[in-house]
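Here the structure comes first, spelled out in structure tokens, and everything after it is commentary.
Every chain is numbered from 1, with letters handed out A, B, ... down the list of sequences.
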Protein chains: 2
Amino acid sequence: MKITINSVAEKAGVSVATVSRVLNQKEGYSEDTRLKVLKIMKEMGYQPNALAQGLAGKRTQTIGVLIPKLSSMVASTILNGLEDAAHKKEHSVIICNTDNDGKRTTKYLQVLRQRQIEGLIIVSQQLSEEEVIFLKKMKIPILLISTANENFKHIKVNDYAASYDATKYLIEKGHEKILFLSGTKSDPIAGLPRVFGYQQALKDHGFKVKPELIIYGDFDYESGKVNMKRALEKKLDFTSVFAASDEMAVGALNIAYNHGLKIPAELSIISYDGTKLSEMSTPPLTVLNQPFYKMGFDGLNMLIDNINGQKVVSRDIPYSIIERESIKRLS
Amino acid sequence: MKITINSVAEKAGVSVATVSRVLNQKEGYSEDTRLKVLKIMKEMGYQPNALAQGLAGKRTQTIGVLIPKLSSMVASTILNGLEDAAHKKEHSVIICNTDNDGKRTTKYLQVLRQRQIEGLIIVSQQLSEEEVIFLKKMKIPILLISTANENFKHIKVNDYAASYDATKYLIEKGHEKILFLSGTKSDPIAGLPRVFGYQQALKDHGFKVKPELIIYGDFDYESGKVNMKRALEKKLDFTSVFAASDEMAVGALNIAYNHGLKIPAELSIISYDGTKLSEMSTPPLTVLNQPFYKMGFDGLNMLIDNINGQKVVSRDIPYSIIERESIKRLS
DNA sequence: TTGTATGCGTTATCAA
DNA sequence: TTGATAACGCATACAA
């Protein structure tokens with residue numbers, strides 16, 4: 001026997017309307033009936049059916065999250081913030097690991113639509129033309145985290161500025177020969193801007209940008225290793241490396257170590273991201289820290305504000321440099 | 001104007017029943033009407049309302065996932081497998097980060113119940129008495145991943161056996177003085193069994209278990225550092241360390257490095273978990289690998305089988321030792 | 001092969 | 001302060 005609002009009403013000797021009222025704390029009943037209904041609800045262990053509530057016009061309090069590469073520290077930290085915020089706001093989160101696959105993304109978008117999500121969060125993923133069109137047609141609030149698109153609002157760090165400052169930090173430590181282990185060259189959000197920031201900082205301090213010191217990878221550990229190895233084999237001239245992700249930094253570290261290079265004595269490294277990985281590295285990495293948890297947390301709150309009719313604006317969230325032990329000051 | 005099964009039916013000049021039939025690929029319509037309805041649905045961009053479908057008796061295809069500490073490599077890898085499997089089976093996943101908090105867990109359980117989930121997966125979390133009672137009352141299939149409880153089925157590796165084999169591996173490499181960096185002592189699932197496995201392997205090979213070589217931590221990086229440091233300061237006598245988690249292993253590695261110990265030349269390390277962290281370490285860690293992704297993937301499939309009426313049995317999933325570069329054979 | 005009508009559990013409107 | 005009752009969008013048993 002299912003226990004519904006009907007059975008509660010019956011047992012309490014009132015109408016379903018009344019039960020619904022006390023359930024939703026609307027007005028229109030005496031203290032007496034309130035207590036009575038509440039008591040019966042508790043006795044019977046009543047739980048409202050969210051599907052029915054949603055159908056009947058109540059908010060579904062569901063938000064969808066599109067995320068490529070679920071199993072990375074960056075993604076899971078953002079997700080953590082996202083989920084914490086959602087929980088505090090009494091919302092549920094349906095996660096969708098798109099795997100950076102267009103087909104899969106499309107499929108998910110449909111599913112989420114069917115499930116009547118009230119808002120959508122897209123994490124670190126670039127949007128194609130068709131996706132943008134589809135998203136717009138969904139007519140629900142959308143917020144991007146750690147990525148950007150002219151059609152939607154976002155929360156992210158300013159990659160260009162962050163990269164500029166990381167480079168500047170290195171320069172102020174006396175480094176001018178900086179090997180830049182870049183991420184994906186074709187990535188207009190997390191790829192190129194970091195390269196530009198690096199280049200501009202060099203120029204602004206009167207140093208020449210040497211193209212051979214910029215090597216493109218894909219943000220992953222392996223590419224950090226491969227490119228570091230290449231740089232070493234080519235005997236490129238550099239005293240420090242700036243890696244565009246923690247994973248790449250750790251990969252570079254591994255190669256450097258195997259070449260007998262002491263960090264930071266013989267080579268300095270600054271990383272970009274600030275996941276737990278950069279802390280757990282040996283030595284711990286000085287890093288341009290992105291507040292991933294906060295991005296997730298704040299991002300979800302921005303989305304909910306938007307759902308509630310408030311206007312939200314794109315936000316560049318502050319980054320910071322966390323000084324650890326991978327950089328040596330050159331005199 | 002909302003686009004529902006009604007508007008589709010109207011535009012197609014058929015009844016909602018017919019539309020519903022072709023939508024669900026039941027029988028009872030001519031090829032002609034099928035094509036016509038399908039065409040209209042496409043034209044209008046119709047998407048069925050999952051809430052209504054669920055209310056009307058159809059499966060909700062929703063499964064809940066309880067997980068403590070969302071932002072760890074272990075959790076996110078399991079989640080990844082979970083999500084991939086769910087997607088293939090056309091199910092959606094609602095994730096709940098319990099933070100190992102009883103109150104929060106209870107709250108989530110209620111929410112999930114209200115959302116009419118068809119099944120529940122609990123990852124790496126111990127269950128209290130009350131939780132077990134509540135869970136049983138939910139009367140839905142439940143599956144535990146990487147944890148266990150007599151009341152429910154699970155999928156996990158056999159911690160005792162795995163730890164035994166990892167220790168044995170070390171012994172076969174000539175190590176008998178093995179420092180065991182344990183996880184939480186009070187953890188009956190992932191804590192103690194690993195200690196027992198370690199002890200038994202030693203005994204079975206004719207070596208004495210030295211209590212001072214077992215130090216309890218909490219699986220985290222910091223505890224790996226702290227306990228390794230303690231062991232070194234006490235000048236305990238050991239040629240290798242067996243850490244009960246990747247994070248602890250990496251923490252120990254950090255301390256060892258700072259003490260000038262070469263790995264594996266002067267000290268061997270074997271880790272337990274096999275997350276990406278163990279690969280990215282310098283040197284890469286030989287590790288007792290748990291197939292987290294597969295646990296998630298297979299676990300979700302087991303749950304769905306169970307939902308579909310099949311009986312499932314608890315499963316000990318095979319582990320393996322991945323040999324990398326952190327162990328030196330003692331002659 | 002197709003349509004009508006009822007129910008799913010809840011909210012909301014309108015009376016009483 | 002309450003209670004009928006009509007939606008909500010869909011599936012389905014029953015008719016036709």
Side-chain angles (χ1 to χ4, degrees), chain A residues 1-38 40-41 44-62 90 92 110-118, chain B residues 1-41 44-62 90 110-118:
Chain A
M1 179 38 200
K2 282 220 173 176
I3 130 109
T4 73
I5 200 174
N6 278 289
S7 37
V8 172
E10 193 174 349
K11 195 151 191 170
V14 298
S15 73
V16 296
T18 298
V19 176
S20 176
R21 286 189 190 101
V22 350
L23 182 63
N24 295 295
Q25 310 185 53
K26 309 245 168 184
E27 49 194 16
Y29 44 81
S30 67
E31 181 64 7
D32 256 15
T33 56
R34 191 180 76 90
L35 261 29
K36 183 172 54 183
V37 170
L38 249 27
I40 300 288
M41 291 202 313
M44 304 180 69
Y46 170 69
Q47 301 276 23
N49 182 325
L51 302 185
Q53 291 181 315
L55 227 207
K58 218 183 174 184
R59 315 270 291 256
T60 62
Q61 310 209 137
T62 308
E90 315 248 74
S92 288
Q110 292 178 171
V111 170
L112 291 175
R113 172 133 202 61
Q114 296 177 187
R115 287 180 182 273
Q116 315 298 119
I117 57 169
E118 295 188 57
Chain B
M1 178 36 199
K2 282 222 174 177
I3 131 108
T4 73
I5 200 175
N6 278 289
S7 36
V8 172
E10 195 174 346
K11 194 151 192 172
V14 298
S15 72
V16 296
T18 298
V19 176
S20 175
R21 287 188 192 104
V22 351
L23 182 63
N24 295 294
Q25 309 185 52
K26 308 248 169 184
E27 48 195 15
Y29 44 81
S30 67
E31 181 63 8
D32 256 14
T33 57
R34 191 180 77 90
L35 261 28
K36 183 171 54 184
V37 171
L38 248 28
K39 180 162 160 284
I40 301 289
M41 291 202 312
M44 304 181 69
Y46 170 69
Q47 300 277 24
N49 181 324
L51 302 185
Q53 291 182 314
L55 229 207
K58 220 183 172 186
R59 314 270 290 257
T60 61
Q61 309 209 134
T62 308
E90 315 248 72
Q110 292 177 171
V111 170
L112 291 175
R113 171 133 202 60
Q114 296 176 187
R115 286 179 182 273
Q116 315 297 120
I117 57 168
E118 295 188 57

Item to check | Closest non-hydrogen atom pair, Met41(A) against Val22(A) | outcome: CE-CG2, 4.5 Å
Checklist entry - Within the structure shown, what part of the strands sits under 4.0 Å from Val14(B) by heavy-atom distance: base, sugar-phosphate, or nothing? => result sugar-phosphate
Checklist entry - Rounded to whole angstroms, how far apart are CG on Leu55(B) and P on dT11(C)? => result 11 Å
Next on the checklist: In this structure, how many angstroms lie between the P atom of dG3(C) and the CD1 atom of Ile5(B), rounded?
Outcome noted: 12 Å
Checklist entry - How close or far is atom P of dC8(C) from atom NZ of Lys58(A), stated in whole angstroms? => result 21 Å
Checklist entry - Which whole-number value in Å describes the distance from Leu35(B) CG to dT2(C) P? => result 12 Å
Checklist entry - Starting at CD1 of Ile3(A) and ending at C1' of dC8(C), how long is that distance when rounded to a whole Å? => result 16 Å
Next on the checklist: Counting the atoms with a prime plus P, OP1 and OP2 as sugar-phosphate, which does Gly28(B) contact under 4.0 Å by heavy atoms, base, sugar-phosphate, or nothing?
Outcome noted: base
Checklist entry - Rounded to whole angstrom units, what separation is found between the CD atom of Gln53(A) and the P atom of dC8(C)? => result 17 Å
Next on the checklist: Of all nucleotides in DNA chain D that come within under 4.0 Å of a heavy atom of chain A, which is furthest toward the 5' end and which toward the 3' end?
Outcome noted: dT1(D) to dG9(D)
Checklist outcome for this item: Comparing nearest nucleotides in DNA chain C, the 5'-proximal residue of the pair Asn6(A), Arg21(A) is Asn6(A)
Next on the checklist: To the nearest 0.5 Å, what is the distance between OG1 on Thr18(B) and CD1 on Ile5(B)?
Outcome noted: 9.5 Å
Item to check | Spatial distance of atom CD1 (Ile40(B)) from atom OG1 (Thr33(B)) [nearest 0.5 Å] | outcome: 12.0 Å
Next on the checklist: Can you see if the side chain of Lys26(A) gets near the phosphate of dA12(C) - specifically, an N or O under 4.0 Å from OP1 or OP2?
Outcome noted: yes
Checklist outcome for this item: Assert: residue with more 5' nearest nucleotide on DNA chain C, out of Leu51(A) and Ser15(B), is Ser15(B)
Item to check | Toward the 5' end of DNA chain D, by each residue's nearest nucleotide, Thr33(A) or Val16(A) | outcome: Thr33(A)
Checklist entry - Just one of Leu38(A), Asn6(A), Val37(A) clears the side chain to side chain contact (heavy atoms under 4.5 Å, CB included) bar with Val19(A), so which one? => result Val37(A)
Next on the checklist: At 4.0 Å (heavy atoms only), tell me whether Thr18(A) reaches a base, stays on the sugar-phosphate, or touches nothing.
Outcome noted: sugar-phosphate
Next on the checklist: Heavy-atom count check: over 12 atoms from other residues, nucleotides or ligands less than 6.0 Å from Glu31(A) CD?
Outcome noted: yes
Next on the checklist: Using a 6.0 Å cut-off, check whether atom NZ of Lys36(B) has over 12 heavy atoms from anything other than its own residue.
Outcome noted: yes
Next on the checklist: More than 12 heavy atoms of other residues, nucleotides or ligands under 6.0 Å from CD of Gln110(B): yes or no?
Outcome noted: yes
